[in-house]
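Take a look at the structure below.
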Amino acid sequence: MNPILQLYNHINHFGNDHNMTYEVVEPGMVTYRMTIEERHLSGPGVAHGGIIAGFMDAVLGVAALSLAVEEGNLVSTVEFKINYLRPVKLGETITGTGKVDSRGQRILVSSGEIRDSRGELLAKAMGTFNAYPAEKIRDKVGGLL
């Protein structure tokens, strides 16, 4: 695994705290998984949109990151838009797929979708990410890079 992705796995407290796991299918394409727990709910049996947005940001961002690391870069979210299509229910294991649609010198654009275990489409999104040299955070990660 690329050392930058290993670093991401180590410092990504949001993803770790919410038991999000991912697989890089190929550079620029990822699959992410997460199970909705009680702490993710905003109403009776239904996930809060914020946790779904956070999950989608990870899906889109790691798709971009998995391509950017090939040049020694990290990425940061510039913006993203999400469409919620169906409620996400307690106990559901959701799967997010993300892919890079466009790659410039500094800007990457990713698209993604989230589906439930039956394959129902729950959300779609598109995001823009800024690539920057990983060395910019070297002093902040205590020699992990």
Side-chain angles (χ1 to χ4, degrees), residues 1-43 45-137 140-141 144-145:
M1 176 181 283
N2 182 291
I4 296 172
L5 285 173
Q6 288 177 340
L7 172 64
Y8 172 77
N9 292 341
H10 179 74
I11 65 173
N12 178 20
H13 299 293
F14 182 80
N16 294 333
D17 288 349
H18 294 285
N19 300 316
M20 297 177 183
T21 60
Y22 71 90
E23 172 190 354
V24 176
V25 178
E26 63 184 57
M29 186 176 293
V30 299
T31 301
Y32 241 104
R33 286 186 181 74
M34 167 185 181
T35 300
I36 301 302
E37 302 170 3
E38 276 194 52
R39 64 189 170 132
H40 301 133
L41 302 182
S42 63
V46 179
H48 189 283
I51 194 67
I52 303 305
F55 179 69
M56 183 64 88
D57 186 36
V59 169
L60 298 172
V62 175
L65 178 63
S66 71
L67 192 57
V69 297
E70 293 186 332
E71 296 175 352
N73 290 327
L74 295 170
V75 297
S76 59
T77 307
V78 174
E79 63 80 34
F80 84 94
K81 179 208 182 301
I82 186 167
N83 289 48
Y84 300 100
L85 304 172
R86 295 182 189 275
V88 182
K89 300 189 175 156
L90 175 63
E92 185 64 55
T93 297
I94 56 177
T95 301
T97 55
K99 68 181 179 75
V100 173
D101 298 316
S102 175
R103 176 187 189 180
Q105 285 187 301
R106 303 253 326 184
I107 299 294
L108 295 96
V109 175
S110 300
S111 61
E113 58 183 41
I114 298 171
R115 293 183 180 268
D116 65 16
S117 60
R118 295 172 308 284
E120 293 286 330
L121 185 60
L122 304 172
K124 290 186 71 78
M126 178 174 270
T128 305
F129 298 84
N130 177 55
Y132 63 94
E135 290 80 35
K136 285 191 172 188
I137 67 159
K140 295 177 183 171
V141 294
L144 295 172
L145 188 62

Between Arg118 and Glu120, does at least one N-O distance fall below 4.0 Å, as a salt bridge requires?
-> no
In the structure I gave you, are the side-chain heavy atoms of Glu113 and Lys124 within less than 4.5 Å of one another anywhere? yes
When every non-hydrogen atom of Ala63 is compared with those of Val100, the smallest separation belongs to O-CG2, 3.4 Å
Output for pair (Met29 CE, Ser110 OG), nearest 0.5 Å, gives 10.5 Å
Can any side-chain N or O of Thr77 pair as donor or acceptor with the backbone N or O of Phe129 at less than 3.5 Å?
no
Practice problem: Walk me through it: do Val88 and Ile114 pass the test side-chain contact (heavy atoms from CB on, under 4.5 Å)? | Solution: CA-CA 10 Å; Val88 182; Ile114 298 171; 5.7 Å; no
Are there more than 12 heavy atoms of other residues, nucleotides or ligands under 6.0 Å from atom CD of Glu79?
yes
Practice problem: Determine whether Phe14 and Ile51 make a side-chain contact, defined as any pair of heavy atoms from C-beta on separated by less than 4.5 Å. | Solution: yes
Note: Ala131 and Leu108 closest approach over all heavy atoms is CB-CD1, 3.8 Å
Closest heavy-atom pair, Leu60 versus Ala125, reported as atoms and distance to 0.1 Å, is CD1-CB, 3.9 Å
Within the side chain of His48, is there an N or O that forms a donor-acceptor pair under 3.5 Å with the backbone of Gly50?
yes
Looking only at heavy atoms, the pair that brings Phe80 and Gly127 closest together is CB-CA, 3.5 Å
task = Would you please test Ile107 and Asn130 for side-chain contact (heavy atoms from CB on, under 4.5 Å) and show each step?
result = CA-CA 5 Å; Ile107 299 294; Asn130 177 55; 4.3 Å; yes
Here the gap from His40 atom NE2 to Glu92 atom CD, rounded to the nearest 0.5 Å, amounts to 13.5 Å
Heavy-atom closest pair (Phe55 atom, Met20 atom, distance to 0.1 Å) is CA-CE, 3.8 Å
To the nearest 0.5 Å, atom CG of Asn16 lies from atom CD1 of Ile11 at 10.0 Å
Using side-chain contact (heavy atoms from CB on, under 4.5 Å), reason through His18 and Arg39 one step at a time and then give a plain yes or no. CA-CA 9 Å; His18 294 285; Arg39 64 189 170 132; 3.9 Å; yes
So OH of Tyr22 and CG of Leu65: to nearest 0.5 Å the spacing works out to 7.0 Å
Taken to the nearest 0.5 Å, the spacing of Ile36 CD1 from Asp116 CG works out to 11.0 Å
side-chain contact (heavy atoms from CB on, under 4.5 Å) between Leu85 and Leu122, worked out | CA-CA 5 Å; Leu85 304 172; Leu122 304 172; 5.9 Å; no
Here the pair of heavy atoms bringing Asp101 nearest to Ser111 is OD2-OG, 2.8 Å
Counting only N and O atoms by type, is there a donor-acceptor contact under 3.5 Å from the side chain of Tyr84 to the main-chain atoms of Gly49?
yes
Verify side chain to side chain donor-acceptor pair (under 3.5 Å) between Thr93 and Thr35, making sure each step is shown before the conclusion. CA-CA 4 Å; Thr93 297; Thr35 300; 2.8 Å; yes
Taken to the nearest 0.5 Å, the spacing of Asn83 CG from Met56 CE works out to 9.0 Å
